[in-house]
Amino acid sequence: MKRTDLRNVAIIAHVDHGKTTLVDEMLRQGGIYRENQEMADRVMDSNDLERERGITILAKNTAIYYKDVKINVIDTPGHADFGGEVERILKMVNGVILLVDAAEGPMPQTRFVLEKALAMNHRVIVVVNKIDRPDARLDEIGDEVLELLLELDATNEQLDSPMIFCSGRAGTASFDPFTPGTDLKPLLDTILEYMPAPEGEEEDPLQLLVSSIDYNEFVGRIGIGRIERGTIKQGQGVAVCNYHDPNGKTRPAKIVSLYQFDGLKRAQVTEAKVGDIVCFSGCEDISIGDTICSPAKIEPVEFVKVGEPTMEMTFSVNDSPFAGKEGKFVTSRHLRARLYRELLRDVSLRVSDGDTTDSFRVAGRGEMHLSILIENMRREGYELCCSNPRVLYKEIDGVKCEPIEDVIIDVPEEYLGAVMEKLGARKGTLVDMQLSGNRQKLFYSIPTRCLFGYRSELLTDTRGEGIISTLFAGYEPFRGEIKTRFTSSLIASESGNSTTYGLFQAQDRGPLFIGPATPVYEGMIVGENPKPDDIEVNVCREKHLTAIRSSGADEKLTLITPVQLSLEEAIEFITDDELIEVTPKSIRLRKVVLDTPARKRIQAQKRAALKENK
């Protein structure tokens with residue numbers, strides 16, 4: 001049976017190519033809002049972090065109605081670090097809308113998500129978005145997309161994919177790049193005509209693959225997935241199984257409540273048929289990749305194997321002198337429970353116990369992936385310490401291999417030399433160069449570890465005009481040791497509150513991270529030293545009064561504005577013997593060993609060991 005009244009599509013694209021903005025317009029023109037209803041921009045980015053950063057982190061479902069057909073639309077993340085979200089969401093849909101920026105063209109993440117969609121034999125509608133940009137390359141984009149499809153071994157049907165030209169912000173679409181449309185009807189009509197309708201038999205035994213997980217305080221864990229066959233009903237008894245379970249165990253469960261997506265809301269229903277995307281509660285220990293079956297016919301659905309993490313950080317209990325002053329959850333028990341709870345939602349994350357009882361190794365797909373987790377925990381009231389990121393090595397055929405990234409850097413021509421010099425020093429291999437107007441596009445292959453700390457360097461070298469995009473390419477033989485940080489730290493030598501006089505004396509050493517009247521403790525990093533060795537400074541030093549009036553007694557002390565490091569910049573800055581102290585109110589940098597004499601002894605021992613090895 002064909003469900004001609006239903007279509008399931010996902011919107012996939014590189015970061016910032018306009019997916020969420022296009023979904024906004026589809027909702028508006030799909031009759032989801034009243035005429036007088038106020039609407040926020042990027043309504044699908046419901047998370048505070050998503051709104052602040054302007055990126056999509058979690059895939060989200062919505063539904064619109066057009067010509068009596070319900071179109072389930074899934075908005076997916078565009079950043080490579082959240083590729084795991086995209087991989088599993090593709091199992092829920094019958095086709096994808098591939099969004100390509102009219103100026104930037106296909107980018108690394110465009111290639112990654114398209115490759116996954118083609119491998120699952122999904123139909124593709126190519127949408128060239130932002131055609132109203134002044135620098136749009138409407139003549140060339142079509143050929144670039146076609147070349148990408150050919151490179152990825154697309155079938156003849158996929159090579160003939162329809163191409164539509166849109167402006168998501170204006171809410172228009174047309175089949176001709178040089179003739180702007182008036183609304184999104186060409187896109188919606190193409191979805192109905194080209195995207196296959198779900199097929200299956202309503203009378204067959206139930207089979208549903210869980211592709212996403214949500215959580216609600218009242219009903220517990222909520223499973224989200226598409227019905228592969230049969231019908232699901234509220235109150236129905238089901239069996240839960242998993243394709244990758246070697247023992248093939250099943251466990252009984254009951255569907256307590258059942259919902260379908262209706263616009264931006266979830267509407268409660270009593271039953272749903274094959275092809276529908278539903279949310280259900282009642283299966284307390286349900287997880288992503290599980291299959292909900294009828295007890296009469298237990299048959300798990302094969303679940304896409306999500307890519308492995310490429311880097312890890314150590315999360316540990318905050319043991320600084322300021323521990324427990326700002327956070328609500330501070331113990332290892334709280335930390336463990338929160339990290340293992342995150343595993344229920346995030347299939348790309350791995351958590352394991354660390355070297356001590358108070359630490360945990362957390363592995364993810366990239367720096368942003370892990371920094372988003374840290375930021376979310378911080379906002380929820382957690383206090384923790386984080387180490388610098390480390391790449392995960394593999395041994396392949398007896399050879400030590402490391403993760404390699406494909407990097408595209410878009411820079412103005414005048415900064416080309418500085419960028420190429422830095423990437424060469426970081427063991428980057430230039431693959432290709434393309435001139436686009438007065439900007440150069442550089443294609444590099446570079447080890448993941450060599451990119452740590454480079455993003456902020458790129459912005460400095462290009463006066464903020466450089467754009468970098470990365471994508472995990474695979475594992476290659478280890479390219480040798482490299483120094484990625486060429487500066488060191490200014491460290492507080494005693495505890496107290498920083499003073500203007502103390503900071504004034506210290507600022508000649510290098511840029512400072514704190515201002516006056518900031519509480520500090522011994523071993524806390526208060527600035528950056530441009531030279532290779534750490535320096536202890538006393539930022540709490542006060543000017544002592546004397547009976548003799550000197551010529552500079554009333555001289556005004558002018559402080560340079562301190563550098564405020566974001567969480568990502570802090571992660572890039574620290575090295576092996578340093579930590580980030582994260583609390584709901586503060587982000588502080590510190591040494592692992594806070595006591596100055598003890599730290600000096602350890603450093604002396606390391607230097608002696610290095611001399612012996614030489």
Side-chain angles (χ1 to χ4, degrees), residues 2-3 5-13 19-20 23 26 44 56-64 69-78 82-99 113-125 191 195-200 206-214 221-232 240 242-243 255 258-264 266-267 269 272-281 283 286-293 300-307 344-348:
K2 263 195 176 184
R3 290 286 308 273
D5 61 335
L6 183 66
R7 300 289 187 278
N8 296 322
V9 297
I11 299 185
I12 58 176
K19 295 180 297 298
T20 307
V23 173
M26 290 173 76
M44 295 293 282
T56 303
I57 296 167
L58 299 169
K60 298 180 192 68
N61 299 57
T62 186
I64 61 172
V69 176
K70 181 181 182 181
I71 304 173
N72 281 315
V73 181
I74 305 177
D75 182 21
T76 62
F82 310 110
E85 287 274 317
V86 183
E87 287 177 62
R88 58 186 173 79
I89 286 307
L90 290 175
K91 200 77 176 166
M92 266 206 281
V93 297
N94 303 101
V96 296
I97 297 172
L98 177 72
L99 225 61
V113 292
L114 182 58
E115 187 176 15
K116 298 291 180 188
L118 295 179
M120 297 176 77
N121 209 26
H122 282 329
R123 286 194 180 182
V124 180
I125 296 174
I191 291 172
M195 289 295 175
E199 293 185 38
L206 171 67
Q207 189 184 47
L208 181 153
L209 175 69
V210 179
S211 298
S212 189
I213 290 288
D214 199 359
R221 207 178 304 176
I222 298 168
I224 303 171
R226 186 185 70 180
I227 303 171
E228 303 287 334
R229 68 169 187 231
T231 304
I232 189 169
V240 182
N242 193 298
Y243 182 83
I255 306 299
L258 191 63
Y259 301 88
Q260 280 192 27
F261 293 98
D262 185 6
L264 297 169
R266 290 178 184 171
V269 294
K273 298 180 288 187
V274 62
D276 283 326
I277 294 176
V278 295
C279 313
F280 60 90
S281 65
C283 309
I286 194 81
S287 64
I288 291 166
D290 284 347
T291 305
I292 305 296
C293 293
V301 180
E302 185 175 355
F303 183 60
V304 59
K305 194 163 175 57
V306 175
L344 304 176
R345 294 175 185 235
D346 194 340
V347 288
S348 304

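- Taking both residues in full, the closest heavy atoms of Val278 and Ala272 are given as CG1-CB, 3.5 Å, listed atom of the first, atom of the second, then distance.
- Distance NE2/His122 to CG/Leu114: 11.5 Å, rounded to 0.5 Å.
- Contact between Pro198 and Gly275 at its shortest, heavy atoms only, is CB-CA, 3.7 Å.
- Closest approach of Arg7 to Pro196, counting heavy atoms only: CD-O, 3.9 Å.
- Taking 4.5 Å as the limit, every side-chain heavy atom of Asn8 sits out of range of all side-chain heavy atoms of Met92.
- In this structure, the separation between CD on Glu228 and NZ on Lys91 is 7.0 Å, given to the nearest 0.5 Å.
- Ile11 CD1 to Ile74 CD1: the interatomic distance, rounded to the nearest 0.5 Å, is 10.0 Å.
- In this structure, CG in Leu206 is found 8.0 Å from CZ in Arg229, a value given to the nearest 0.5 Å.
- One distance of note links CG of Asp5 with CG of Asp276; it measures 8.0 Å at 0.5 Å rounding.
- Ile97 is not listed as a side-chain neighbour of Val73, based on a closest heavy-atom distance of 4.5 Å or more.
- Interatomic distance, Leu208 CG to Ile277 CD1, rounded to the nearest 0.5 Å: 10.0 Å.
- Taking 4.5 Å as the limit, some side-chain heavy atom of Phe280 sits within range of a side-chain heavy atom of Ile292.
- Phe261 places a side-chain heavy atom less than 4.5 Å from the side chain of Ile224.
- Shown here for Ala117 and Ile12, the closest heavy-atom pair between the two residues is CB-CD1, 4.3 Å.
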*Start with the C-alpha gap between Arg266 and Ile222, add the side-chain angles, then the distance that decides, and say whether side chain to side chain contact (heavy atoms under 4.5 Å, CB included) holds.*
CA-CA 12 Å; Arg266 290 178 184 171; Ile222 298 168; 3.9 Å; yes
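- The side chain to side chain contact (heavy atoms under 4.5 Å, CB included) with Arg226 is formed by just one residue from the set Asn94, Val93, Val301, Asn72; it is Asn94.
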